[in-house]
Amino acid sequence: MRILVIGSGGREHALVRALCQPPRAGEDVHAAPGNPGIAALAETYPDTAPSPAGILALARKLSPDLVVIGPEAPLVAGAADALREAGISCFGPGAAAAVIEGSKSFAKQVMAEAGIPTAASSTCASAAEADRALAAFGPPYVVKDDALAAGKGVLVTGDLEAARAHARACGTVVVEEFLDGPEVSLFAVTDGVTAVPLLPAQDFKRARDGGEGPNTGGMGAYAPLPWAPAGLADQTMAQVIQPAVDVMRRRGTPYRGLLYAGLALTAAGLRVVEFNARFGDPETQVVLDRLASPLAPLLAAAADGGLAGAAPPQWRPGAAVVVVIAAEGYPAAPVKGDEIIGTERAGEDHAYLLHAGTARDSSGALVSAGGRVLNAVGSGPDAATARARAYALAATVSLRGGWYRRDIAALL
């Protein structure tokens, strides 16, 4: 099977690695634009524009059996629609369905229509409306940019002035009640009718140890969750994923691809924090590390409407932990162009690096090219072993100003 993966981050490196791993090693995998780590596994096309037109042009050239779109921006822009209209199989929702991530207020409408449990909220298009909603909900204040914000559009704070400032900077926002309890990420693969859960995971959004500092795209993750309630995946599928899939189909915008449910396990029960229209980053890195069955047939079945007849995913025993190595200044103003040393030592199955924000400079040296630069993934028979391996690997990487949280999966 010839597969084209769209994207350039750690999530896409994880996808390419999973597609190239046994038991289905030998897939003809391509990636655009890709990154230096992906280039070791697949043919990359670094000059491809991440637009629907650019993606379609490359797909017409390569004639892939399947295109897998990693990031949210091309999905919201309609890349999946362009591919399907050209008769090219694509894993990823069309633009009308991807709005479930592109607009927080739209996602709330879908949840209300489907009866999905979530936080009470108010969509605010003006400063005055935001002020009234903040007063009504009280602290801790939760303010979400209504539009795409690369995982950094949410502010949770006890500081009213900070909440007001964030609302004004964003424009239209969703202000909602604070949800207590641990958060869980659950991915589901769906063909618009049938949905299949993947392994629940937990990520760490705050920049600093102890959950301090600004929100980020994610500083680490682990899976599985030994503390999660029995039957959590089944409950989420019944109360959240399948109702959302059914509503989208009834609306005439069937959802085909990966539906990500961010959940809070509150004292009052399960609540949805958010929906995303693609694989989460960095949770994908640990979920796919645990996948024992082939990834390509599962994604192809979802893209082509045959998920009901596909074999369900199977999982390896043990655990995986990923630690994100970030550039100096991340998330506010990451420094780029610093040389990275030590990546050549990461080749073992139980500890390996995924490239997230890297590039080659004019001399061919590996340098930082984004805020989240590398992902150190460790696996083992239990979370403690996986964690130790991930951190041991992270410590071998040299990046001026590079840093990472020291408490990923620390309480397990």
Side-chain angles (χ1 to χ4, degrees), residues 71-73 76 98-112 118-183 185 202-220 260-264 266 271-278 280-283 324 326-335 357 370-372 403 405:
E72 62 272 23
V76 172
V99 178
I100 206 165
E101 178 172 2
S103 169
K104 303 295 187 296
S105 58
F106 175 82
K108 287 290 188 180
Q109 294 170 26
V110 170
M111 290 183 228
T118 187
S121 67
S122 178
T123 299
C124 307
S126 69
E129 289 177 347
D131 286 345
R132 287 194 292 271
L134 289 167
F137 287 116
Y141 303 102
V142 181
V143 185
K144 298 181 176 180
D145 191 338
D146 186 49
L148 290 178
K152 298 185 283 289
V154 179
L155 179 67
V156 181
T157 180
D159 185 336
L160 176 58
E161 289 309 310
R164 295 179 73 233
H166 185 66
R168 283 154 176 73
C170 293
T172 299
V173 295
V174 173
V175 178
E176 63 183 42
E177 67 174 329
F178 175 76
L179 296 175
D180 66 334
E183 293 191 8
S185 299
Q202 186 177 58
D203 74 337
F204 294 73
K205 289 292 188 188
R206 297 284 187 169
R208 303 298 176 185
D209 290 3
E212 300 295 328
N215 210 42
T216 74
M219 295 303 300
Y260 167 129
L263 311 169
T266 76
R271 299 288 185 272
V272 175
V273 177
E274 64 177 352
F275 280 132
N276 288 335
R278 38 69 192 182
D281 188 345
E283 300 100 313
V324 172
E328 179 183 7
Y330 179 75
V335 177
R372 294 185 294 173
W403 60 277
R405 279 183 61 160

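As a basis for the values below, the full set of heavy atoms in this structure was taken, side chains included, without hydrogen atoms, waters or symmetry mates.
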Taking C-beta and beyond as the side chain, do [X] and [Y] meet within less than 4.5 Å on heavy atoms?
X: D146; Y: V173; result: no
X: H166; Y: T157; result: no
X: S121; Y: K144; result: no
X: F178; Y: V156; result: yes
X: L160; Y: Y141; result: yes
X: L263; Y: V272; result: yes

What distance separates R405 CZ from R208 CZ, expressed to the nearest 0.5 Å?
->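 If I round to the nearest 0.5 Å, the distance is 10.0 Å.
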Could you give the distance from CG (D159) to CZ (R164), rounded to the nearest 0.5 Å?
->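 Reported to 0.5 Å precision, the distance equals 10.5 Å.
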Counting N and O atoms only, with roles assigned by atom type, does the side chain of [X] sit under 3.5 Å from a partner on the main chain of [Y], one being a donor and the other an acceptor?
X: Q202; Y: E183; value: yes
X: E274; Y: G262; value: no
X: S103; Y: A147; value: no

Please determine if K108 and E176 form a salt bridge, counting it only when a charged side-chain N lies under 4.0 Å from a carboxylate O.
->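 Here K108 pairs with E176 in a salt bridge, since their nearest N and O are under 4.0 Å apart.
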In plain terms, say whether R271 and D180 are close enough for a salt bridge, that is, a side-chain N and a carboxylate O under 4.0 Å apart.
->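 No, R271 and D180 are not salt-bridged.
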